[in-house]
S.K.: 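Mind looking over this structure? Questions follow.
Not measured: the values here are computed from a predicted model.
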Amino acid sequence: MTVLKTSLRNFLAHKGRMALSATAVLLSVAFVCGTLVFTDTMNATFDKLFANVASDVSVGPKESDDAQQTGRPATVPASLREKLARIDGVAKVEPSADSRQLTVVDGRKKSLSPTSGAPTVGANWDEGAKKSVEITSGHEPHGPAEVVLDSDTADKHGVKTGDALRVIAVPGDFTVKVVGIATYKTTNPGAAVFYFDTPTAQAKLLGSTDEFSGYGLTAASGVSDEQLKERVSAALGSSAGDYALRTAAESKEENKKDIGSVLDVMKYALLAFAGIAVLVGIFLIVNTFSMLVAQRTREIGLLRAIGSSRRQILRSVLVEAVLLGVVGSVLGIGGGVALAVGLMELMGSMGMKLDTSELTIKAATPIVGLTIGVLVTVLAAFLPAFKATKISPMAALRDAGTPADGKAGKVRAAIGLALTAVGGLALAGAAQSDDAAAGSGLLALGVVLTLVGFVVVGPLFAGFVVRVISAVVLRAFGPVGRLAERNALRNPRRTGATASALMIGLALVAALSVVGSSMVASATEQLDKSVGADFIVQSENQQPLSPAVVKAIKSAGHVEHVTEYTVVNAKITTPDGKSGTQRLSAVSPTYADDVRAETVEGDLKDAYAKDAMSVPEGFAKDHGVKLGDRLTVAMVDGRTAELTVKAVTSDDTSIDKGAMYTDIATARSHLPAGKMPLDFMLLAKAADGQTKQAAAALKASVEDYPQVKVRDQSDYKKLIQDQVGQLLNMIYGLLALAIIVAVLGVVNTLALSVVERTREIGLLRAIGLSRRQMRRMIRLESVVIALFGALLGLGLGMAWGTTAQKLLALQGLGVLDIPWPTIIAVFVGSAVVGLLAALIPAFRAGRMNVLNAIATD
């Protein structure tokens, strides 16, 4: 009980010094709990939505990963409806007709599709729709010219009842009038949803009134879902294998699996960044307790002198750590809930409306948060607590504080250098690897070992690096600069630990910057080297291009030729007797001019002759394929062809790496018209000297199709740069949490250092150091620590990024590009961070009363 009282008294006495450490625990726990609450809420919301819309038993087309991408959804025959209705136990049969292969535009030719990547869905208005939405304005759709859309899409784009919309679908375009607005009863999953009457959905979305997307069956009273599924399977007989039969529970699980994969990626990515923040927070907590123990050396010595055992001293410090962990964790749990609400609002701005009334906080969430917070804090505080037990009763006769450890321990230095050396060898091995999988393993090992090695050997580096930085940065400030240098050097372990916290976040920033910049530079080089086409035409929503779009592009003026590009799935049998489904790029013969693919054998133009093809170099080696060999190519949903290998393409590229080519006419001759995949890209070459006119003509030709973008090579390069930049910015935003915690560590170290050096500060002021000079000294010390961490982090990160790029080179991304402007900006920004982190400690040091400071024990 005495130990607990002592710990509580010490904790309350130093609550100001504990505040920043508690903030680190708070941020780490908040990120973990916020992620868990957010994903649990998402899962619960979707569970509710899926439960509402699931039929007792659903009958749909059998799913196949190898199906041709025709732009039309898979269907089941409409004639099946009567057969299902006659099955004993079926109370009702509800047919569905829906498609995600459509674009809807308003009167201003603006697309109403979500910009978040969520789909645009067209569906028939049926009982299933009524389970998830209710019409809050207007009425249900009747006839081919009426549509109902969801309220979120209507609000976002200012659509009202009575407005005219144009629907662009694969079977053709048609115009409708908005007759109703529907509001979701649970949540809008982010999609833009348009409801038509059933005959219109069949004819305009599926392309036939003889087809449906599937059927929802309602079980009669007393018939379970499983029983009904068995009866349906028995009634369908041998044809049951052609359909996907699911109970409501199975449909719910299938839907959860689809959305769950996305949510899991989000969840574990966020938790990974939370883990980085926790790791950085450990350094802060270790430093805090190390300095607090050092400042209480005399006090601990007195406790030992009056009879306290080493175990009691250990328990006393650890109890303080538990108190810190509990306070930080409790606040972090509350912060996590607030963070989850913020994430829900963010998703709402992207189109997915999540109701905060559905906020789901499972019992495990606060338990996990509290456990992580307390456990991490206690583990971080254990080493300082153990050192406290080594303080002898004689310390009661000495001044408080601990002697400066001018040099890191030899054992520590040896271990750190060994880890760094082994990690460096692993990185070198990864850079030289010819196998991506093996190289990735070595890269991961190298990253971990070099990171741990730098953390361990940090104090050894501090002596040299701080002196170099000081010579460049601090010497201009005269004696004040020298004092700041001495302060940073007096305790290398403390300086190394503080800088290491900053190093981790900046190392990741540097590594990702190198990888991202190299990817953009490699793609740009490949475009310059390989692409001869002037224009690239693609759909923004990743949908294939409709025949109407292809026709419009081909009819544009000032264009020399247009190259079609699609992908056909086919089962290919090679001379070694092996067979497997492959993706066969079916293109116009002009593709050989538009994309200059290198060959190791033959001429690629010959591969576009009738019943000819090319294979990639790796495929040819693996299966013993040679020039002139005839391969059996069975088109999925089509006929079997015998194609002659006329060219072997090089694998040393990132554009169409591993692609097999054939003439698009060859593919069409072996596939029924309804099974031929739509083009997903067009390449266009301008007539000689008419590039500007061709660009204007092509863009004018697709004015009515806002989902289609015409880009020249510079536009396409910018698209790649923007996509990589957006991903990096998102990652940088998440890494900012770790950097914030690291900055708190600098603030905390300086604040405690000021307290530790109270008498020294008083003496400096007494011999003539002004308040302004005192504040400058503290700020310069902070800048040196921040720049030390930045140098270590940026150097380490560039090594990681360079190694990663060498592995990417195996995929054709062979250009290493160090983004020096970003690296320099981060380095300079670190100095600014150091200045800001020192503001409060420097202010407190400057405000000290000189006499009181000198009189301090």
Side-chain angles (χ1 to χ4, degrees), residues 17 20-21 24 279-297 300 317 321 377 379-391 395 400-420 450-470 484-504 741-757 760 778 781-793 796 834 837 841:
R17 305 180 195 179
L20 290 174
S21 295
L279 179 62
V280 172
I282 288 174
F283 289 100
L284 195 161
I285 296 165
V286 168
N287 260 4
T288 298
F289 277 91
S290 294
M291 296 177 77
L292 287 176
V293 167
Q295 290 168 18
R296 285 157 45 192
T297 300
I300 294 171
V317 178
T377 308
L379 288 176
F382 183 81
L383 185 59
F386 183 74
K387 286 183 178 180
T389 66
K390 301 295 185 180
I391 297 173
T402 184
D405 55 346
K407 296 182 180 179
K410 292 182 180 180
V411 173
R412 177 190 177 109
I415 292 173
L417 289 173
L419 288 172
T420 303
T450 51
L451 176 61
V452 175
F454 266 52
V455 169
V456 174
V457 84
L460 185 64
F461 289 158
F464 171 72
V465 177
V466 168
R467 284 186 174 88
V468 172
I469 295 173
S470 299
E485 178 186 354
R486 294 286 188 273
N487 288 335
L489 288 171
R490 71 164 63 187
N491 196 324
R493 288 187 180 180
R494 181 188 304 168
T495 299
T498 306
S500 293
L502 194 59
M503 175 191 74
I504 295 171
V741 175
V743 172
L744 290 177
V746 177
V747 175
N748 203 33
T749 298
L750 290 172
L752 291 173
S753 180
V754 166
V755 174
E756 185 178 74
R757 304 198 311 249
E760 175 187 320
I778 302 296
E781 180 184 351
S782 178
V783 168
V784 167
I785 294 173
L787 290 179
F788 173 44
L791 274 179
L792 294 184
L796 195 57

S.K.: A side-chain contact here means heavy atoms from C-beta on lying under 4.5 Å apart; do T495 and R490 qualify?
M.R.: no
S.K.: Looking at the rings of F461 and F788, which for Trp means the six-membered one, are their centres under 6.0 Å apart?
M.R.: no
S.K.: Applying side-chain contact (heavy atoms from CB on, under 4.5 Å) between F454 and each of L419, T420, I504, report the one that passes.
M.R.: T420
S.K.: Where is the tightest heavy-atom contact between V466 and A488, given as atom of each residue plus distance?
M.R.: CG1-CB, 4.1 Å
S.K.: Minimum heavy-atom separation for L791 and I469, please, with both atom names.
M.R.: CD1-CD1, 3.7 Å
S.K.: What's the separation between atom CG in L792 and atom CG in L502, rounded to the nearest 0.5 Å?
M.R.: 9.5 Å
S.K.: To check you understand the geometry: which heavy-atom pair defines the closest contact between I285 and A380, and what is its length?
M.R.: CG2-CB, 3.6 Å
S.K.: Heavy-atom distance under 4.5 Å between the side chains of L460 and L417, does that happen here?
M.R.: yes
S.K.: Is there a side-chain contact between L796 and T450 (heavy atoms, below 4.5 Å)?
M.R.: yes
S.K.: With distance as the sole test, does S782 use its side chain to make a donor-acceptor pair with the main-chain N or O of A837 at under 3.5 Å?
M.R.: no
S.K.: Quick check: do E781 and L750 have side-chain heavy atoms less than 4.5 Å from each other?
M.R.: yes
S.K.: Tell me the closest heavy-atom pair linking V784 and S470, and the distance in Å.
M.R.: CG2-OG, 4.3 Å
S.K.: Measure across P384 and A381 and return the closest heavy-atom pair with its distance rounded to 0.1 Å.
M.R.: CD-O, 3.2 Å
S.K.: Search all heavy atoms of A413 against all heavy atoms of V457 and return the closest pair with its distance.
M.R.: O-CG2, 4.1 Å
